[in-house]
Protein chains: 4
Amino acid sequence: MSPRTEKQIEKLKQDKELLILESALLLFSEKGFGNTSMQSIAIRSKVSKGNLYNYFKSKEDLLEGVLHYGLNQIKELFYEQSSIHTEEEFSYTIRANFEMIKSNETFWKLYYNLVAQPKVYALFNKVFLPFFEQYIKLFEGYFKSKGDEKPEATALLLGSSIDGISLGYIMMGGDNYPLEEVVNRLIEKFK
Amino acid sequence: MSPRTEKQIEKLKQDKELLILESALLLFSEKGFGNTSMQSIAIRSKVSKGNLYNYFKSKEDLLEGVLHYGLNQIKELFYEQSSIHTEEEFSYTIRANFEMIKSNETFWKLYYNLVAQPKVYALFNKVFLPFFEQYIKLFEGYFKSKGDEKPEATALLLGSSIDGISLGYIMMGGDNYPLEEVVNRLIEKFK
Amino acid sequence: MSPRTEKQIEKLKQDKELLILESALLLFSEKGFGNTSMQSIAIRSKVSKGNLYNYFKSKEDLLEGVLHYGLNQIKELFYEQSSIHTEEEFSYTIRANFEMIKSNETFWKLYYNLVAQPKVYALFNKVFLPFFEQYIKLFEGYFKSKGDEKPEATALLLGSSIDGISLGYIMMGGDNYPLEEVVNRLIEKFK
Amino acid sequence: MSPRTEKQIEKLKQDKELLILESALLLFSEKGFGNTSMQSIAIRSKVSKGNLYNYFKSKEDLLEGVLHYGLNQIKELFYEQSSIHTEEEFSYTIRANFEMIKSNETFWKLYYNLVAQPKVYALFNKVFLPFFEQYIKLFEGYFKSKGDEKPEATALLLGSSIDGISLGYIMMGGDNYPLEEVVNRLIEKFK
DNA sequence: GATGAATGAGCCTTCATTCAT
DNA sequence: CATGAATGAAGGCTCATTCAT
């Protein structure tokens with residue numbers, strides 16, 4: 001019954017918040033946002049239904065939290081490159097991108113689950129768009145340096161292709177989609 | 001007071017079914033399947049809630065109807081080509097594909113809304129997969145004829161790229177996504 | 001297209017009415033009154049839903065029709081005896097009663113289905129009670145002639161016992177209830 | 001503002017569950033299972049519709065609860081006899097049985113309401129059959145000890161007679177059925 | 001912070017009955 | 001008489017959210 005230090009309490013709080021986020025991410029991506037009840041999230045995170053609302057003020061708020069949480073994980077894993085100069089760097093960046101997707105399938109499943117849901121569209125843009133635009137810029141710079149006449153369009157094409165490949169991989173499951181080969185092909189075409 | 005011919009009645013029935021399908025397609029794609037109530041579909045199609053069930057025996061059945069309805073529209077618009085031999089034919093096929101997407105944005109919005117929804121995944125595969133696989137085969141043949149060493153992977157890459165471009169276009173809206181230029185780039189890369 | 005005589009038409013009408021009654025009896029007794037839809041009755045009798053209401057003005061009206069129909073069948077089969085004088089007659093009457101039940105199991109299943117449903121209680125009394133009371137009187141007379149001090153109570157006991165045996169037989173199914181032996185016992189006790 | 005003990009809370013919960021059970025028992029027996037809405041049960045128990053489902057997970061589950069509740073009440077009232085040896089004991093057991101029925105008319109009305117309902121037949125058997133079979137065995141032992149040649153059939157006859165008498169008494173209402181006299185007659189015949 | 005009973009709106013679906021043809 | 005599309009009320013059930021403890 002000894003009093004905990006504030007830091008310890010803060011830590012515990014974060015732990016519980018994290019637990020909720022992980023549970024929500026998993027359940028949202030497995031069953032979809034609409035088919036996941038707050039109840040089931042509460043149970044999985046071993047938090048009472050009421051207490052959930054002390055951490056997130058609504059289901060949508062929790063979703064936003066999950067998206068930020070996922071994005072942060074991705075950022076960490078991401079190969080932080082300010083610019084791409086050589087084919088090797090380009091190739092490396094692309095491969096790193098798919099490695100990241102492979103190690104965050106759950107999150108990306110949720111991503112594609114939500115991407116076309118108008119209800120979360122605004123939220124979505126707020127959280128993801130800036131991140132993506134910066135990513136496209138990175139490639140744009142590379143293509144420009146290679147003398148591409150329309151580096152912007154090429155970069156967008158690349159980005160869209162990556163998106164499409166990821167979607168296919170996530171949807172069909174790792175065993176059914178020959179990710180390796182397709183990515184090789186992608187690199188050859190764009191490098 | 002003259003009695004309608006059976007054909008006329010049949011026509012009326014089809015009209016109403018069509019009305020329901022159109023309403024459902026629009027609402028599903030605008031608000032998502034889970035967030036669209038049968039009530040709202042009934043109101044929009046000017047049909048009583050109960051009567052809806054004379055046309056479709058459940059909400060899922062209606063969704064299946066909508067998917068088939070959309071797929072049929074697409075098939076009609078589709079450039080029916082049994083094989084692709086020249087760059088011109090290839091280019092034409094790709095462009096025709098995006099023209100089709102542009103004239104069925106509503107449907108494609110629904111498509112991307114559903115593609116990652118676990119609950120409708122099975123239904124989804126049943127309706128779309130066969131169609132898509134055939135499409136990929138078409139390109140595979142073209143790449144093989146061009147001497148591509150891994151035509152299968154290339155075709156899948158192309159398919160995924162098309163998917164990604166469509167997703168981007170549908171999500172960002174026609175004004176924000178430079179579809180024309182991206183498609184030009186795509187053709188140049190793969191032709 | 002030759003005109004039918006009125007009698008023929010009347011005949012057809014009766015046939016269709018009969019068909020409806022038979023279907024309703026079967027379905028009501030199999031699935032219960034509340035769980036049988038007018039639709040299913042219409043289908044089984046090959047009559048349109050709308051036309052059903054030309055023969056019976058409501059579902060309850062149809063039920064009443066079914067009860068009368070069943071009761072008439074029973075009356076026909078019943079051993080019409082104005083009085084019982086000997087043990088043989090008594091024994092015969094009892095056995096005839098159970099023979100009748102065995103050949104109308106469907107109807108009796110419906111009977112016990114409804115007997116405690118307050119909603120149809122009034123209807124019930126109207127149709128059945130007079131019939132039963134007369135039946136009890138028959139036995140009362142026999143017991144009185146035998147010198148029973150309380151023939152009324154004995155007759156009611158016998159009636160109730162018959163009721164209970166029938167209920168058991170109908171509910172447990174012919175194979176699980178040793179009707180023969182129980183009836184033998186009943187006759188021995190009361191004759 | 002003093003916190004309630006867990007036991008108090010548990011008590012309150014039981015009270016509410018009891019309230020629901022009593023309401024359901026009454027309504028089911030008055031209007032039948034199928035004609036009683038969860039709404040009406042909620043109103044009568046002064047519980048919100050939604051909360052009902054915190055106590056019973058479905059309407060059928062509630063019915064099962066009601067049946068067990070009723071059966072337990074009966075068991076308590078029941079004269080617990082492991083065996084019957086004398087006429088006095090026999091007579092006492094029979095009378096006790098009908099006393100029990102008289103003090104639980106509501107429950108027995110429900111019983112006869114359900115006994116022939118195909119939809120709840122399985123549930124029914126699960127809850128009641130074991131109880132009844134044991135009861136019949138009790139009488140079988142008595143008849144055997146008296147030298148009855150077919151004690152099994154006699155016991156079943158007695159059981160069916162009791163069933164029939166109860167049905168008559170419950171259906172016709174206490175004032176219209178001369179229970180006392182009929183039971184006296186029953187005892188005389190079987191003792 | 002923590003609990004979970006309680007609320008009430010909303011959802012999908014069924015069905016007796018009506019009515020235009 | 002015959003048809004079956006149409007209606008609208010009602011039913012069972014779920015669930016995000018609140019609140020007393």
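Just so it is clear, the structure is predicted and the values come from calculations on it, not from any experiment. Reckoned from all heavy atoms, side chains included, excluding hydrogens, waters and symmetry mates. To find a chain, count down the sequence lines: A is the first, B the second, and so on, and within it residues start at 1.
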For [X] and [N], give me the distance from atom [atom1] to atom [atom2], rounded to whole Å.
{"X": "C:Leu62", "N": "E:dC15", "atom1": "CG", "atom2": "P", "result": "15 Å"}
{"X": "C:Ile43", "N": "E:dA16", "atom1": "CD1", "atom2": "P", "result": "12 Å"}
{"X": "B:Leu52", "N": "F:dG8", "atom1": "CG", "atom2": "P", "result": "14 Å"}
{"X": "D:Asn54", "N": "E:dG8", "atom1": "CG", "atom2": "P", "result": "14 Å"}
{"X": "C:Lys31", "N": "E:dT14", "atom1": "NZ", "atom2": "C1'", "result": "12 Å"}
{"X": "B:Leu19", "N": "F:dA6", "atom1": "CG", "atom2": "P", "result": "11 Å"}
{"X": "B:Lys16", "N": "F:dA6", "atom1": "NZ", "atom2": "C1'", "result": "8 Å"}
{"X": "D:Asp15", "N": "E:dA5", "atom1": "CG", "atom2": "P", "result": "15 Å"}

Only counting residues at least two apart or in another chain, list the ones meeting side-chain hydrogen bond (donor to acceptor under 3.5 Å, both in side chains) with C:Asn35.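 C:Asn35 satisfies side-chain hydrogen bond (donor to acceptor under 3.5 Å, both in side chains) with no other residue.
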
Base, backbone or nothing for each nucleotide of nucleotides 10-15 of chain F, written B, S, -, heavy atoms under 4.0 angstrom, 5' to 3'? BSSBBB

Please state whether the phosphate of E:dA2, meaning OP1 or OP2, lies under 4.0 angstrom from any side-chain nitrogen or oxygen of A:Ser48.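 Negative; the distance criterion is not met.
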
Under 3.5 Å donor-acceptor, C:Thr36 side chain and C:Lys31 backbone: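 Absent.
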
So, using side chain to side chain contact (heavy atoms under 4.5 Å, CB included) as the criterion, who are the partners of B:Leu71 when residues are at least two apart?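 In terms of side chain to side chain contact (heavy atoms under 4.5 Å, CB included), with neighbours along the sequence ignored, B:Leu71 is linked to B:Lys75, B:Val127, B:Phe128, B:Phe131.
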
Please name all residues satisfying side chain to side chain contact (heavy atoms under 4.5 Å, CB included) with B:Asp61, sequence neighbours left out, ordered by chain then number.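 Partners of B:Asp61 under the side chain to side chain contact (heavy atoms under 4.5 Å, CB included) test: B:Phe56, B:Lys57, B:Ser58.
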
Using a 3.5 Å cut-off and no angle test, enumerate the donor-acceptor pairs between side-chain atoms of residues 106-114 of chain A and protein atoms at least two apart in sequence or in another chain.
unit_1   : atom_1 : unit_2   : atom_2 : d
A:Tyr112 : OH     : A:Asp163 : O      : 3.1
A:Tyr112 : OH     : A:Asp163 : OD1    : 2.9
A:Asn113 : ND2    : B:Ala116 : O      : 2.8

Minimal non-hydrogen separation, [X] against [Y], with atom names:
{"X": "B:Phe33", "Y": "B:Lys59", "result": "O-NZ, 3.0 Å"}
{"X": "A:Ile41", "Y": "A:Ser23", "result": "O-CB, 4.3 Å"}
{"X": "A:Leu62", "Y": "A:Met38", "result": "CD2-SD, 4.2 Å"}

DNA chain F: stems of at least 3 consecutive Watson-Crick or G-U pairs whose donor-acceptor distances fall under 3.5 Å: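 In DNA chain F, stems of three or more pairs: E:2-21 with F:2-21.
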
Which of these passes side chain to side chain contact (heavy atoms under 4.5 Å, CB included) with D:Ile20: D:Asp15, D:Leu52, D:Asn51?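 When D:Asp15, D:Leu52, D:Asn51 are each tested with D:Ile20, the side chain to side chain contact (heavy atoms under 4.5 Å, CB included) holds only for D:Leu52.
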
